[in-house]
Participant: 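Below are the structure tokens for one structure; questions will follow.
As the structure lists them, so they are numbered: ligands from 1, and atoms in each ligand from 1.
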Amino acid sequence: MFPWFAIGHITPYIHLSNRLAARGHRVHFLLPGPTTLAKLAPLNRHPHLITFHPIAVPHVDGLPRGAETTADVPPHLTPLLFAALDATEDQFRSTVSRVGPLDVVLYDSAMWVPRIGRELGFLTMTYGVVSAAVGALRLVPSTDEEMARTPPGYPPHSAVVPRPDEIKQSRIFAENFGSVSLYDRIVTSVSGGDAMALRTCWELEGVFVKYMEEQYGKRALLTGPILPDRDHRLGLDEKWAAWLSKYPRGSVVYCAFGSESLLQKDQFQELLRGFELCGRPFLVVLKPSEGCATMEEGFPEGFAERVIDGEGGRGLVCGGWVPQLQILDHPSVGCFVSHCGFGSMWESLLSDCQIVLVPKQNDQIVGTMLMTKDLKVGVEVEKDEEGWVSKEKLSEAIEMVMDEGSEIGRVVRENHLKLREVLGDGNLQERYLDGFVCQLYDLLEKC
Ligand SMILES: O=c1ccn([C@@H]2O[C@H](COP(=O)(O)OP(=O)(O)O[C@H]3O[C@H](CO)[C@@H](O)[C@H](O)[C@H]3O)[C@@H](O)[C@H]2O)c(=O)[nH]1
């Protein structure tokens with residue numbers, strides 16, 4: 001396993017490794033170290049079968065010292081992290097040579113992995129952990145489509161289509177990420193592999209997966225959602241459990257925007273004012289806003305006195321890492337305000353929470369269209385001309401799904417419940433994994 005240096009990518013690769021190890025397979029896992037390794041090592045449930053190999057992220061001019069993943073750098077420095085990834089080719093080669101022989105390497109952004117695979121004799125395939133919908137809309141190997149139109153042959157009935165903010169964000173694919181554009185990097189990575197694996201399932205994204213198979217001329221091996229089983233999750237710290245348990249069932253609004261999102265101070269403040277305005281207990285987990293050393297420095301005036309110290313401590317705002325899955329599982333949590341990163345999207349789908357979405361990046365906007373327009377399981381907060389949400393719109397969206405009398409709230413709850421029954425069926429994940437492993441054996445036999 002050799003995922004891109006981002007927590008949202010490394011984590012699902014570890015979950016997949018756990019599932020494979022549970023079937024007796026041996027996994028070697030390359031990830032940045034020492035900090036990221038220390039943070040994620042507890043997720044390894046089969047240390048006798050899964051070996052972590054820390055990669056020293058090479059220094060590249062302009063990259064902060066010690067930066068290992070996208071969580072450690074502001075978004076505009078991400079290209080430098082890609083340059084650092086490319087500079088790990090020798091470390092990758094020596095590690096896979098040392099631990100080999102290998103059957104298959106799963107990777108996502110290191111586009112040179114297939115070349116080394118052909119030299120050393122192992123299969124290679126990208127493991128895509130971002131939605132197939134974004135792959136279909138933006139990353140099929142064609143260069144001449146207009147940004148404002150869906151590409152030729154695109155699934156005709158989907159409401160996941162280009163829209164202004166998504167088009168604006170999609171310009172990122174043309175930007176240089178390391179030595180090549182992000183578009184070329186992803187297309188080269190996918191095209192170079194022997195097949196492509198995707199973290200999704202036919203029930204959710206079947207039309208997009210088929211479209212990608214046609215466009216790339218490659219078989220897609222689906223792993224299903226790949227979340228840790230409930231009984232294998234780490235426990236919830238007493239401090240969270242105690243605070244959450246103060247509130248009635250389904251009443252707390254939880255907000256988190258993944259491991260990368262960095263808000264400007266005014267965006268951060270408006271968001272907090274929205275939670276204050278909606279009047280419900282809330283737990284917000286974000287990074288300190290841009291330019292602020294602490295969370296408190298970014299708070300709106302008088303905010304801490306009013307809702308953190310006052311009102312019985314109705315609000316909790318945290319700048320660190322929280323166990324998101326366990327928080328979503330807590331009976332008091334009833335609403336998840338999310339950025340719709342692909343990991344959080346799955347976690348929201350498999351939770352009992354009502355879903356409110358505030359996407360920023362391209363794939364989050366695509367995921368949001370999938371969730372709100374195709375699947376109709378949540379609502380999106382309307383943004384203003386500046387591209388951000390107002391406190392009133394945020395509060396309205398939360399009420400729209402949380403208020404008992406709301407028709408929209410009823411519809412999304414029903415749709416969500418139906419989908420969760422399909423996706424949450426314990427056998428679904430096992431079936432996908434069995435199929436995935438069989439397809440891997442098939443490919444290996446043919447080589
Ligand atoms: O305090 C926290 C914050 C996050 N998480 C977990 O970290 C993961 C975050 O992943 P995701 O929701 O995908 O968000 P990002 O970290 O923002 O993910 C990046 O990678 C994703 C692909 O997985 C993309 O879809 C996103 O746009 C991109 O920002 C999830 O499993 C969360 O449960 C925690 O456990 N605790």
Participant: Do protein heavy atoms approach atom 26 (C) of ligand 1 to less than 4.0 Å?
Facilitator: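 Protein heavy atoms within 4.0 Å of atom 26 (C) of ligand 1 - there is at least one.
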Participant: Determine yes or no for a side-chain-to-main-chain donor-acceptor pair under 3.5 angstrom, with H46 supplying the side chain and H25 the backbone.
Facilitator: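 Checking the backbone N and O of H25 against the side chain of H46, no donor-acceptor pair under 3.5 Å is found.
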Participant: Using distance alone, determine whether F342 and ligand 1 share an N or O pair under 3.5 Å.
Facilitator: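 F342 vs ligand 1: N/O contact under 3.5 Å present.
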Participant: Counting from 1, what ligand 1 atoms have a heavy atom of V130 closer than 4.0 Å?
Facilitator: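 Taking each heavy atom of V130 in turn, ligand 1 has 22 (C) under 4.0 Å.
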Participant: Using modelled atom types only, decide if a donor and an acceptor are shared between the side chain of T78 and the backbone of P75 within a distance under 3.5 Å.
Facilitator: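 At least one qualifying donor-acceptor pair exists.
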Participant: Could you go through the side chain to side chain contact (heavy atoms under 4.5 Å, CB included) check for Q364 and F257 one step at a time?
Facilitator: CA-CA 10 Å; Q364 300 161 7; F257 292 167; over 6 Å; no
Participant: Considering the heavy atoms of G341, write down every atom of ligand 1 situated less than 4.0 Å from one of them.
Facilitator: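 Those atoms are 12 (O), 13 (O), 25 (O), 26 (C).
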Participant: Considering heavy atoms of the protein only, find what lies nearest to atom 12 (O) of ligand 1 and give residue, atom and distance to 0.1 Å.
Facilitator: S344 OG, 2.5 Å
Participant: As a quick check of understanding, evaluate side chain to side chain contact (heavy atoms under 4.5 Å, CB included) for E89 and I116, giving each step before the final call.
Facilitator: CA-CA 9 Å; E89 186 173 334; I116 299 179; 3.7 Å; yes
Participant: Would you call the rings of F299 and F268 parallel, tilted or perpendicular, where under 30° means parallel and over 60° means perpendicular?
Facilitator: parallel
Participant: Is there a side chain to side chain contact (heavy atoms under 4.5 Å, CB included) between L423 and C201 once you walk through the steps?
Facilitator: CA-CA 9 Å; L423 301 176; C201 58; 3.6 Å; yes
Participant: For ligand 1 and G343, I'd like to know whether there is a polar contact (N/O to N/O, distance under 3.5 Å).
Facilitator: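 Between G343 and ligand 1, an N or O pair is found under 3.5 Å apart.
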Participant: For M345 and ligand 1, answer yes if some heavy atom of the residue is under 4.0 Å from a ligand atom, otherwise no.
Facilitator: no
Participant: Just by modelled atom types, is the G258 backbone N or O under 3.5 Å from a matching donor or acceptor in the S261 side chain?
Facilitator: no
Participant: Among protein heavy atoms, which lies nearest atom 35 (O) of ligand 1, and at what distance?
Facilitator: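 For atom 35 (O) of ligand 1, the nearest protein heavy atom comes out as V322 O, 3.2 Å.
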Participant: Can the ring centroids of F282 and Y254 be said to lie less than 6.0 angstrom from one another?
Facilitator: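 Centroid distance F282-Y254: not below 6.0 Å, so no.
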Participant: Identify, for atom 31 (O) of ligand 1, the protein heavy atom at the shortest distance, and state residue, atom and that distance.
Facilitator: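 It is E347 OE2, 2.5 Å.
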Participant: I'd like to check I10 versus T69 (side-chain heavy atoms, cut-off strictly below 4.5 Å). Are they in contact?
Facilitator: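 Touching, per the 4.5 Å side-chain cut-off.
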Participant: With heavy-atom distances below 4.0 Å as the criterion, list the atoms of ligand 1 near Q361.
Facilitator: 27 (O), 29 (O)
Participant: Can you say whether the rings of Y154 and Y211 are parallel (under 30°), tilted (30 to 60°) or perpendicular (over 60°)?
Facilitator: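 Taking Y211 first and then Y154, their aromatic rings stand perpendicular (interplane angle over 60°).
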Participant: Would you please classify the geometry between the F82 ring and the F177 ring as parallel, tilted or perpendicular, with 30° and 60° separating the classes?
Facilitator: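 Answer is perpendicular, since the angle exceeds 60°.
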Participant: If the cut-off is 4.0 Å to any non-hydrogen atom of H9, which atoms of ligand 1 fall inside it?
Facilitator: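 Reading through ligand 1 atom by atom, the close ones are 20 (O), 22 (C).
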Participant: Atom 17 (O) of ligand 1: which protein heavy atom is closest, and how many Å away?
Facilitator: H339 NE2, 2.9 Å
Participant: Please report which non-hydrogen protein atom sits nearest to atom 29 (O) of ligand 1, along with the residue it belongs to and the distance in Å to one decimal place.
Facilitator: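 Atom 29 (O) of ligand 1 sits closest to the protein heavy atom E260 OE1, 3.0 Å.
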Participant: Among F92, Y13, Y107, exactly one meets ring pair (Phe, Tyr, Trp, His ring centres under 6.0 Å) together with F2. Which residue is that?
Facilitator: F92
Participant: If you have a sec, work out which protein heavy atom is nearest atom 23 (O) of ligand 1 and how many Å separate them, to one decimal?
Facilitator: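 Its nearest protein heavy-atom neighbour is G8 O, 2.8 Å.
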Participant: At the 4.0 Å heavy-atom cut-off, does T11 count as touching ligand 1?
Facilitator: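 No.
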Participant: Enumerate the atoms of ligand 1 whose separation from the nearest heavy atom of Q364 is less than 4.0 angstrom.
Facilitator: 26 (C), 27 (O), 29 (O)
Participant: What atoms of ligand 1 come closer than 4.0 angstrom to any heavy atom of V129?
Facilitator: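 In order of number, 22 (C), 23 (O).
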Participant: Nearest protein heavy-atom contact for atom 24 (C) of ligand 1: which residue, which atom, what distance?
Facilitator: D363 OD2, 3.3 Å
Participant: Quick one: look up the protein heavy atom nearest atom 16 (O) of ligand 1 and list residue, atom name and how far away it is.
Facilitator: S259 OG, 2.5 Å
